[in-house]
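Model, not experiment: these values are computed from the prediction. Residue numbers begin at 1 in each chain, while the letters A, B, ... track the order of the sequences.
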Number of protein chains: 2
Amino acid sequence: MLNNEMAGGAQKSALIFAALGDPTRLQLVEKLGDGRPKSINTLSSDFKLTRQAITKHLHVLEEVGIVRSERLGRENRFTMKDGAIKTARDYLDQIGKQWDDALTRLKLHVEE
Amino acid sequence: MLNNEMAGGAQKSALIFAALGDPTRLQLVEKLGDGRPKSINTLSSDFKLTRQAITKHLHVLEEVGIVRSERLGRENRFTMKDGAIKTARDYLDQIGKQWDDALTRLKLHVEE
DNA sequence: TTAAAATGCAACTATTTTGTTGCATAATTA
DNA sequence: TAATTATGCAACAAAATAGTTGCATTTTAA
């Protein structure tokens, strides 16, 4: 049923939106957007925040499936993982489409 | 540093994502998705939370431009406003596209 | 005009989030 | 091996968030 699919997507999407709802994390996502794995140190170097703060943000992104991490020697390298982003985008598409349809129906109704 | 440079629409989008990053607010958005104005009382009736809690959530959604409110008699009616949703969706599209391009380039590079 | 309905406002609490500092550990390199 | 590099972990504090209760105000209806 569409309603249940929607409700299910809402819970999952809320987690992803919450993860993206922080400017620092959003910038990390942008930085990782080139698809290349980056170490915590590399990622931290562009922020005023401490390395530990960035680490926490990366873990938040990892928990909701936006990035993944891989140990390489003494480095911990993070990479984008498109699944979660796609989930969020699809959700917004759905909302947008629902809204467009609603507007169309309302307009027709008014013109009746 | 990246913090002070303008990282695209990251700041604005982060606000919208943060607003959507709460299950209650996401449900409110879904409820308003039919395009019809709804009073606070109507919107509150479907949640376990108090009316005041819902009111606060609605104000959060209003501040980032996801909904708008209109006083009608003793009622305050809220309506969807697609602008912000579209901004967020476009942002995710951009990230998604950047990611796809990056993957393509990386793949080509590997095959060289 | 009185009662009910819908909302607004403020104070307060509890929890979560964000960030820090300090120290410990594992891997590299000189 | 000793120093350096990269990270992990934990305790702590400040701030933001989410929610409640209580009471006041404005509209509507009887």
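Residue R51(A) places a side-chain atom within donor-acceptor reach of the base of dG8(D), judged by atom type and a 3.5 Å distance cut-off alone. The base of dT7(D) lies outside donor-acceptor range of the side chain of R74(A), with no N or O pair under 3.5 Å.
Remark: C1' of dA6(D) and CZ of R77(A) are 13 Å apart, rounded to the nearest angstrom. The separation between L49(B) atom CG and dT17(D) atom P is 17 Å, rounded to whole Å. Distance CD (Q52(B)) to C1' (dA11(C)): 13 Å, rounded to an integer number of Å. Taking atom NZ of residue K56(A) and atom P of nucleotide dT21(C), one finds them 12 Å apart after rounding to whole Å. Note: CD (E75(A)) to P (dG8(D)) measures 11 Å, nearest angstrom. Atom P of nucleotide dA16(D) and atom CG of D22(A) are separated by 13 Å, given to the nearest angstrom. A straight line from CD1 of I40(B) to P of dA6(C) spans 11 Å, rounded to a whole angstrom. Straight-line distance from the CG atom of L43(B) to the P atom of dA5(C): 19 Å, rounded to whole Å.
Between dG19(C) and H57(A), a contact under 4.0 Å exists linking OP1 or OP2 to a side-chain N or O. When the side-chain nitrogen and oxygen atoms of N76(A) are compared with OP1 and OP2 of dG8(D), one or more of them lie within a distance under 4.0 Å.
Considering all non-hydrogen atoms of both residues, A84(A) and V64(A) come closest at CB-O, 3.6 Å. Of all heavy-atom pairs spanning A102(B) and D34(A), the tightest one is CB-O, 3.2 Å.
Note on R105(B) versus D101(B): no salt bridge recorded, every NZ/NE/NH1/NH2 to OD/OE distance being 4.0 Å or above.
Listed candidates were dG8(C), dG8(D), dT7(C). Nearest to the side chain of T55(B) is dG8(C). The side chain of T50(B) approaches dT20(D) more closely than any other nucleotide in the set dT20(D), dG8(D), dG19(C).
Here the CG-NZ distance, from L43(A) to K31(A), works out to 7.5 Å after rounding to the nearest 0.5 Å. Rounding to the nearest 0.5 angstrom, the gap separating the CD atom in Q27(B) from the CG atom in L32(B) is 12.0 Å.
Looking at heavy-atom distances under 4.0 Å, R25(A) makes contact with sugar-phosphate atoms alone, never a base.
The 5' end of DNA chain C is approached more closely, in terms of each residue's nearest nucleotide, by S39(B) than by the other of S39(B) and V60(A).
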